[in-house]
Each structure stands twice: as structure tokens, then as C-alpha cells.
Amino acid sequence: MKRALITGITGQDGSYLAEHLLDLGYEVHGLVRRVALEDPARRFTRIEHILDRLTLHPASLESYPSIFHIFSKNKFDECYHLAAQSFVAESFADGFSTMNTNINGTHYVLAALRELSPDCRFYFAGSSEMFGKVHEVPQNENTSFHPRSPYGISKVAGFDLTRNYREAYGMYCASGILFNHESPRRGYEFVTRKITSTVARIKTGLATELYLGNLDAKRDWGHAADYVRAIYLMLQQPEPDDYVVASGETHSVREFCELAFAEVGLNYLDYVKIDPKLQRPSEVELLIGNATKAKSKLGWNPTRTFLDLIKEMVQSDLEAAMQESGRQASYQ
Ligand code: NAP
Ligand code: F7E
């Protein structure tokens with residue numbers, strides 16, 4: 001039985017990847033923050049249905065000793081390093097802590113593996129935010145980077161560290177350059193979930209308006225459950241490499257709004273308001289990925305369309321909002 005460690009197992013991708021590896025017969029371990037272990041009801045919502053099949057280890061990306069300790073006590077075949085401060089807007093608010101967590105955290109995991117488990121295969125969660133102010137359209141593995149946020153800069157550094165450990169020490173280190181991927185498990189601060197959860201609350205009378213920033217930004221959005229299959233496949237290849245994972249379509253935030261509101265029979269123009277404070281100091285205006293390499297070398301293909309994604313997210317949030325509005329009605 002293969003053993004894998006997932007950092008960031010409590011997040012959107014970590015939860016889908018854990019399910020996928022369990023289905024494949026893996027023994028799945030997760031690195032979690034101690035505060036999460038102390039408050040499982042709130043912090044383990046995405047993995048509560050599989051908790052009894054996981055082994056969790058307390059550690060933090062800020063602490064090299066805590067990471068070293070896990071690898072000194074356990075041997076893994078594969079390490080999926082997904083943990084990060086992943087919200088771009090927050091990285092403008094506190095660039096220092098984003099850099100510290102994302103750059104040093106990645107370096108700590110790589111350094112501990114080199115010392116204790118150099119044969120363990122390592123995956124780094126790279127991002128389309130590395131392309132930033134894009135140098136070509138669409139973006140592929142050879143497109144140069146021009147990050148536009150502390151988050152993007154931290155991911156370029158993580159990507160470079162990962163490649164350097166591969167080249168300098170011969171370790172199996174691979175990076176995925178994943179474009180935006182979403183699901184009903186997406187954090188509420190990201191624009192897709194902010195939209196679908198507010199659409200559901202407006203429809204059920206729990207909210208009246210939706211404040212957004214830049215409606216004209218364009219993203220290449222896919223489904224997280226599809227993208228974790230690509231992550232897994234990257235660590236099963238004979239040689240480590242880097243891969244773009246994307247849908248190959250681009251849509252604006254405005255278009256996402258239009259379709260999400262239409263899903264419940266509403267017109268977004270009646271509810272969406274602009275709050276300039278939600279605009280970023282330097283925006284990534286357009287992303288669209290070319291995943292030809294992942295398709296041809298990994299045999300990966302996405303299974304859900306943009307519209308499938310919106311429908312699933314709106315339906316899931318609608319069910320939650322209906323339960324909440326039912327609870328509120330019964331209190332009155
Ligand atoms: P997410 O839902 O925000 O999950 C982030 C995970 O990182 C959580 O489990 C979080 O733990 C953990 N974490 C954060 N800071 C930590 C720390 N200091 N120590 C230990 N754990 C820490 O992110 P996601 O959407 O699943 O994304 C997974 C990875 O892919 C991230 O590295 C992200 O930057 C990258 N990525 C995401 C996308 C996307 O569209 N989703 C695209 C490209 C790349 P807590 O639960 O304790 O907070
Ligand atoms: O923003 C615009 C915003 O925060 C998308 C992370 O997973 O994907 C994600 O980063 C777009 C931006 O995601 C609001 O300005 C407008 O242009 O959902 P987002 P992101 O910044 O693209 C990449 C690939 C990652 O790697 C990251 O970890 O939407 N936008 N109005 C807004 N965004 C938010 N959050 N909130 C708004 O009100």
C-alpha cells in the first residue's frame with residue numbers, strides 16, 4: 001500500500017485529493033495546524049466524512065522543526081505540498097506573512113525531505129498567478145512569469161525552489177501550474193463562491209445585494225475534483241516535470257455573475273454593486289491556459305464544463321441557504 005502525505009489537507013484541493021488517493025487504495029496522512037485539531041467541528045468541515053480513514057499530524061509551515069518531526073517519524077512514497085496562504089487579496093494586505101508561509105514553508109518541506117526522505121516524490125502547487133501580466137495568450141509551460149502580487153511572487157519562488165531541488169539533488173520534484181479551480185468546497189472569500197453563496201442568499205431572502213470589485217477580469221475556471229486527478233498523475237510519471245492544468249476557456253467575472261444569477265431566474269444587474277475597495281492594486285486581467293502537455297503526457301482531461309461548475313455551486317449553496325432560512329423562520 002502506498003503512503004502519501006498531503007499538506008493543506010483541510011483545504012479545497014486537499015480534501016478532493018485525499019478522497020481520490022483513498023479511492024486508489026493509498027494510506028493517506030495529512031499535515032494540519034494544531035489549532036485545527038483543537039477545533040475539528042469548524043476546521044475539518046471538508047474532510048469530516050473521511051476523518052476516520054486519515055492519519056493527521058500537527059505542524060505548521062512556519063516551523064521547520066514541526067515539519068522535520070513528521071518526516072523523521074514517518075516514511076512516505078509521495079508528498080503533495082498544497083498548504084499555502086492562497087488568497088491573492090490577502091497577500092496585498094500582508095505580503096510579509098504570505099511570503100514567509102509560502103516560500104519558507106515550501107523550502108522547509110523540501111529541505112526536510114532531502115535530509116530524511118530523498119526518494120519521496122514531491123508535488124508543488126504552482127499557480128497561473130505566476131503568469132500575472134501575461135506575456136502570451138494562451139499560457140503554457142514555456143510562457144515566462146510576470147507575477148502581479150506577493151502571492152504570485154511567492155509561487156514563482158516555490159516553483160524555482162522545486163525545480164532547483166530536482167536539478168541540484170536529483171530528487172523527484174514536480175510542479176503543477178494550475179489555473180483557477182473551484183467547487184462547492186471553495187472558500188467563501190474567492191469570487192466564484194462569493195457569487196454563488198450570495199446568489200443563494202438573495203434567492204432565499206437572506207441577502208439583498210452583492211458587492212464586487214473588478215467585473216472585467218477574465219479567468220480560466222475548472223473544477224477542483226478534475227484538477228486533483230492531474231496532480232496525482234504528475235507524481236506517477238517516469239521523470240519529474242512541470243505541467244499546466246487548465247480548461248482552455250476564459251470567462252469574465254461578469255459572465256460568471258450573469259450565469260449564476262440566471263440559474264435561479266434573477267438578473268445580476270439588479271443586485272451586483274461595485275465596491276472600489278475590492279479592486280486590487282495590480283490586477284491579473286486575463287488568464288487562459290493551454291493544457292496540451294498534461295493531456296498528451298498524463299492522459300488527463302477535464303470532465304466538467306464551466307456551466308456544470310456554476311450549476312453545481314449554485315445548487316449546493318441554495319440547499320445550504322434554504323436550510324438556514326428554514327431555521328431562521330422556525331426561530332421567529
Ligand atoms: P485553500 O482551500 O485555501 O487551502 C489552503 C490549505 O493550506 C488549508 O488546508 C490551510 O489550512 C493550509 N495552510 C495555510 N497556511 C498554513 C500554515 N501556515 N501551516 C499549515 N497549513 C497551512 O487552497 P486550495 O484552493 O485548496 O489550493 C491548494 C493549493 O493550490 C494552494 O497552495 C494554492 O495556493 C494552490 N493553487 C490553488 C488554485 C485554485 O484555484 N484553487 C490554483 C492554483 C494553485 P487551514 O485549514 O488550517 O487554514
Ligand atoms: O479572484 C476578481 C479579482 O480571489 C478572481 C486562488 O485560488 O486562483 C485564485 O486566485 C478574480 C480577480 O481568485 C471580487 O480581482 C472581483 O481578478 O477568486 P479570486 P484569484 O485571485 O484568481 C489562483 C489561480 C490561485 O492560485 C489562488 O490561490 O475576481 N474579483 N470582485 C474579486 N475577487 C474576489 N475574491 N472578491 C471580489 O469581490
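The analysis underlying the following values was restricted to heavy atoms, covering all of them including side chains, and did not include hydrogens, waters or symmetry mates. Each ligand, and each atom within it, is numbered from 1 in the order the structure gives. In this chain, residues are counted from 1 in sequence order.
- Residue, atom and distance of the protein heavy atom nearest to atom 8 (C) of ligand 1 are Thr10 OG1, 3.5 Å.
- Looking at Phe190 next to ligand 1, no N or O pair under 3.5 Å apart turns up.
- Ligand 1 has no atom lying under 4.0 Å from any heavy atom of Gly176.
- The shortest N or O to N or O distance between Glu62 and ligand 1 is under 3.5 Å.
- Looking at ligand 1, you'll find an N or O of Leu82 within less than 3.5 Å of one of its N or O atoms.
- Distances between N or O atoms of Gly11 and those of ligand 1 include at least one value under 3.5 Å.
- For a threshold of 3.5 Å applied to N or O pairs, the pair formed by Arg186 and ligand 1 contains at least one separation below that value.
- Under a 4.0 angstrom heavy-atom cut-off, Gly187 registers as lying outside contact with ligand 1.
- Salt bridge Lys311/Glu263: present, at least one basic N to carboxylate O contact under 4.0 Å.
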Could you go through ligand 2 and list every pair where one of its N or O atoms sits under 3.5 Å from a protein N or O, giving the atom names and the distance to one decimal?
unit_1, atom_1, unit_2, atom_2, d
ligand 2, 4 (O), Arg280, NH2, 2.9
ligand 2, 7 (O), Arg186, NH1, 3.2
ligand 2, 7 (O), Arg186, NH2, 2.9
ligand 2, 8 (O), Asn180, ND2, 3.0
ligand 2, 15 (O), Glu283, OE2, 2.6
ligand 2, 17 (O), Arg219, NH2, 3.0
ligand 2, 17 (O), Glu283, OE1, 3.1
ligand 2, 17 (O), Glu283, OE2, 2.9
ligand 2, 18 (O), Val191, N, 2.8
ligand 2, 21 (O), Arg280, NH1, 2.6
ligand 2, 22 (O), Asn180, ND2, 2.8
ligand 2, 22 (O), Arg219, NE, 2.8
ligand 2, 26 (O), Ser127, OG, 2.6
ligand 2, 26 (O), Tyr151, OH, 2.7
ligand 2, 28 (O), Ser86, O, 2.6
ligand 2, 28 (O), Tyr151, OH, 2.8
ligand 2, 31 (N), Gly213, N, 2.8
ligand 2, 35 (N), Glu189, O, 2.9
ligand 2, 38 (O), Lys194, NZ, 2.8

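- Near Gln12, meaning under 4.0 Å from one of its heavy atoms, ligand 1 places the atoms 2 (O), 25 (O), 26 (O), 41 (N).
- Of the listed residues (His181, Arg42, Met130), the one carrying the non-hydrogen atom nearest atom 42 (C) of ligand 1 is His181.
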